[in-house]
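Have a look at the structure below before the remarks.
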Amino acid sequence: PPVRPRAEMGSLLEMQKLLKKKDEKIRELQAQLEKKDAEITELKTKLDKYQSVFMPGMTAAPGVTGMSGTAGPAVRRRAQGISAEPQSMKTLQDVAKQKF
């Protein structure tokens with residue numbers, strides 16, 4: 001093999017060190033990316049879960065602002081009522097006489 005001048009050997013070693021540092025940085029950034037991807041997946045799962053529990057009656061209505069203040073689905077409120085049998089015949093007659 002031909003003998004290389006000292007200047008070339010020094011720059012070759014410097015380039016190898018630089019390449020090694022860049023490879024280490026790439027591995028570090030890839031590890032961070034994997035960690036963040038896992039966190040995003042976990043947060044998306046939690047968001048879906050919370051939305052299914054807290055906003056089950058969401059319907060898409062154009063131009064209506066939702067909880068976030070952006071145009072999108074609006075929360076629908078359902079009427080609540082109590083359904084029960086009358087306690088006695090007298091209350092049944094009272095209810096039948098009542099006008100609504």
Side-chain angles (χ1 to χ4, degrees):
V3 178
R4 294 183 180 174
R6 272 187 144 352
E8 281 186 37
M9 293 292 280
S11 65
L12 180 61
L13 289 174
E14 288 174 16
M15 294 297 255
Q16 288 175 336
K17 286 180 184 179
L18 183 61
L19 184 59
K20 186 176 178 179
K21 278 185 177 182
K22 286 187 177 191
D23 285 343
E24 289 172 1
K25 185 66 174 179
I26 288 171
R27 280 193 290 276
E28 177 186 323
L29 292 172
Q30 285 175 332
Q32 287 178 4
L33 182 61
E34 287 176 15
K35 185 178 177 182
K36 291 196 183 281
D37 283 344
E39 184 179 7
I40 288 169
T41 301
E42 179 185 352
L43 290 172
K44 282 183 178 180
T45 302
K46 285 183 179 182
L47 178 62
D48 289 343
K49 178 180 172 184
Y50 293 144
Q51 283 180 336
S52 70
V53 171
F54 292 117
M55 296 181 270
M58 298 287 289
T59 59
V64 177
T65 58
M67 295 176 94
S68 64
T70 59
V75 177
R76 254 181 116 185
R77 291 189 170 232
R78 296 190 61 168
Q80 302 233 349
I82 299 172
S83 176
E85 294 296 322
Q87 296 292 325
S88 68
M89 191 60 147
K90 183 176 184 329
T91 57
L92 178 60
Q93 290 170 348
D94 291 342
V95 171
K97 291 179 186 176
Q98 240 180 351
K99 292 185 179 180
F100 294 98

[atom2] on [Y] to [atom1] on [X], rounded to 0.5 Å:
X: L19; Y: I26; atom1: CG; atom2: CD1; value: 8.5 Å
X: K46; Y: T41; atom1: NZ; atom2: OG1; value: 12.5 Å
X: L29; Y: K36; atom1: CG; atom2: NZ; value: 11.0 Å
X: M15; Y: K17; atom1: CE; atom2: NZ; value: 13.5 Å
X: Q16; Y: E14; atom1: CD; atom2: CD; value: 11.0 Å

* L47 with Y50, same ILVMFWY side-chain cluster at under 4.5 Å -> no

* Asked: Checking side chain to side chain contact (heavy atoms under 4.5 Å, CB included) for the pair K25/E28: CA distance, chi angles, key distance, verdict?
  -> CA-CA 5 Å; K25 185 66 174 179; E28 177 186 323; 3.8 Å; yes

* Is there side-chain contact between L18 and K22, with at least one heavy-atom pair below 4.5 Å? -> yes

* Asked: With sequence neighbours excluded, what pairs up with E39 under the side-chain contact (heavy atoms from CB on, under 4.5 Å) test?
  -> L43

